[in-house]
Number of protein chains: 2
Amino acid sequence: MNASQPFRLDDSARGGKAEQILAAARREFLASGFGAVSMDAIARRAGVSKATVYAHFAGKEELFGAVISEMSERYFRGFSASELDPVDAAASLGEIARRFLELLLSPEAIALNRIIIGEVTRFPALGEVFWRTGPERTRAQIETFMRRAGEAGSLRVSDPRLAAEQFASLVRGEIHLRLLLRLGPPATPARIAATAEAVVATFLRAFAPKMS
Amino acid sequence: MNASQPFRLDDSARGGKAEQILAAARREFLASGFGAVSMDAIARRAGVSKATVYAHFAGKEELFGAVISEMSERYFRGFSASELDPVDAAASLGEIARRFLELLLSPEAIALNRIIIGEVTRFPALGEVFWRTGPERTRAQIETFMRRAGEAGSLRVSDPRLAAEQFASLVRGEIHLRLLLRLGPPATPARIAATAEAVVATFLRAFAPKMS
DNA sequence: GTCTATACAGTGATAGAC
DNA sequence: GTCTATCACTGTATAGAC
């Protein structure tokens with residue numbers, strides 16, 4: 001495997017069997033990590049022979065890279081904050097917080113996050129890919145909102161980037177770490193809404209314009 | 001291995017060779033995770049034969065559990081906030097933030113965090129152990145400080161637990177995730193101090209008593 | 001308890017027929 | 001491209017001598 005590009009899909013991966021193999025690998029890797037998954041298990045689940053797997057992917061590492069990068073892209077693409085109203089900061093921040101939490105705390109995202117952190121020592125490139133497609137992108141979205149809200153006068157932000165970082169950190173909170181550690185059940189929508197509300201309340205106390 | 005108690009040290013682990021093996025295992029596991037480490041490598045590094053390893057530890061999993069639980073305990077025991085002055089909230093919170101970051105961002109703590117998150121699917125008990133000895137304990141320390149500061153009138157906290165959670169989340173911030181993902185070098189003391197200062201400033205804007 | 005030597009299972013990867 | 005069969009190798013675990 002080329003360590004600098006471990007995640008590039010082979011062109012032939014668009015065919016039928018290749019996607020079948022990729023889907024099987026995704027389920028196996030997400031459920032068990034890298035080390036505990038065998039190529040036999042992937043082939044069995046894909047309904048093909050092991051030789052066929054090797055006909056489409058150079059090896060286990062390349063297959064793993066393909067799975068992880070594809071998932072990173074797929075999971076974070078949907079997050080957007082550009083259409084939210086910068087005048088009503090409270091409502092928009094609440095919406096951002098809820099969307100962020102729904103994305104961040106979904107079982108698939110947690111499993112992905114877990115496996116990347118666990119294997120980043122072996123595959124350094126994965127951390128970079130995940131960061132750019134995930135946290136970096138969401139923070140940029142939030143930062144843009146902060147800037148617009150600042151211009152609209154609904155928030156008092158001298159450093160939009162810092163404000164976005166701190167908001168994202170507040171939202172991530174304790175619950176994210178707890179789920180990464182497999183403590184407690186997946187978050188319910190009610191729990192997400194309550195957490196978002198508490199975060200927005202605190203954030204607004206720090207960043208609301210001075211009342212005159 | 002008994003899955004509910006994978007981390008209990010055998011009584012014989014107090015001897016000389018056993019600690020030698022444990023130290024070797026710690027270095028190997030922390031550097032490479034669970035799957036990539038062989039019992040051969042541990043035995044070689046410890047300077048004993050493989051059979052001796054198996055004489056002291058039932059298998060690779062038990063050895064791993066022993067290493068992780070011992071490290072969790074060792075790393076988080078030092079954190080304390082009980083002696084800080086609750087009247088000078090700004091200074092004390094800054095001190096808490098710096099201590100927390102130094103602990104959290106140390107290379108050893110990052111490696112430990114990483115390996116636990118990566119292997120918690122295979123060893124669910126490790127998540128519980130880490131949580132209780134780590135984040136739970138630090139949050140309790142901070143929570144106690146919040147309560148004392150609230151009583152002293154230097155902070156306006158209606159829910160000390162929530163305030164402690166939010167403060168800890170702010171401190172953890174983006175840098176912790178970046179280091180978990182192996183992005184960038186370890187944090188410098190200057191970077192830690194700057195981050196702590198920014199966090200305390202924001203937190204105080206949200207939780208400082210109203211000026212009359 | 002500690003060693004050397006080895007049995008045994010399971011792994012990633014490939015050869016060769018079709 | 002796809003299969004069956006098999007390779008070489010590694011890792012866990014144990015037997016038996018001392």
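Residue numbering restarts at 1 for every chain, and letters A, B, ... go by the order of the sequence lines.
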Could you tell me the separation between the [atom1] atom of [X] and the [atom2] atom of [N], rounded to a whole number of Å?
X	N	atom1	atom2	answer
His56(A)	dA13(C)	NE2	C1'	16 Å
Phe57(A)	dG12(C)	CZ	C1'	16 Å
Lys50(B)	dA7(C)	NZ	C1'	11 Å
Glu61(B)	dG11(D)	CD	C1'	13 Å
Glu62(A)	dA13(C)	CD	C1'	14 Å
Met39(A)	dT14(C)	CE	P	10 Å
Gln20(A)	dT2(D)	CD	C1'	13 Å
Asp40(A)	dA9(C)	CG	P	16 Å

Practice task
Start with the C-alpha distance between Arg74(B) and Arg26(B), add both sets of side-chain angles, then the distance that settles side-chain contact (heavy atoms from CB on, under 4.5 Å), and finish with yes or no.
Solution key: CA-CA 13 Å; Arg74(B) 201 153 61 82; Arg26(B) 178 168 53 237; 4.0 Å; yes
Exercise for the section: Report which part of the nucleic acid Val53(A) touches: base, sugar-phosphate, or nothing (heavy-atom distance under 4.0 Å, all strands). Expected result: nothing
Practice task
Check whether NZ of the Lys or CZ of the Arg Arg122(B) lies under 6.0 Å from the centre of the six-membered ring of Phe34(B) and within 45 degrees of that ring's axis.
Solution key: no
Completion exercise
Comparing Ala51(A) with Ala36(A), nearest DNA chain C nucleotide closer to 5' gives the residue Ala36(A)
Completion exercise
Winner on side-chain proximity to Ala55(B), out of dT2(C), dT4(D), dT2(D), is dT2(C)
Practice task
Side chain of Ser38(B) only, please: which of dA13(C), dT12(D), dT14(D) is the nearest?
Solution key: dT12(D)
Problem - side-chain contact (heavy atoms from CB on, under 4.5 Å) evaluation trace for Arg205(B) with Arg205(A) - result: CA-CA 7 Å; Arg205(B) 287 208 306 279; Arg205(A) 285 208 307 278; over 6 Å; no
Please confirm whether the shortest side-chain N or O distance from [X] to OP1 or OP2 of [N] is below 4.0 Å.
X	N	result
Lys60(A)	dA13(C)	no
Thr52(A)	dG1(D)	no
Tyr54(A)	dT14(C)	no

Problem - Side-chain donor-acceptor contact under 3.5 Å, Thr133(A) with Glu73(A) - result: no
Practice task
Report yes or no: do Ser49(A) and Thr52(A) form a side-chain donor-acceptor pair below 3.5 Å?
Solution key: yes
Handout entry: side-chain contact (heavy atoms from CB on, under 4.5 Å) between Val199(B) and Phe167(B), intermediate numbers included
Key = CA-CA 8 Å; Val199(B) 166; Phe167(B) 184 74; 4.0 Å; yes
Problem - With sequence neighbours excluded, residues passing side chain to side chain contact (heavy atoms under 4.5 Å, CB included) with Arg45(A) - result: Ala24(A), Arg27(A), Glu28(A)
Fill in the blank from the handout: With five pairs defining each end axis, the helix from dG1(C)-dC18(D) to dC18(C)-dG1(D) comes out bent, to 10°, by 10°
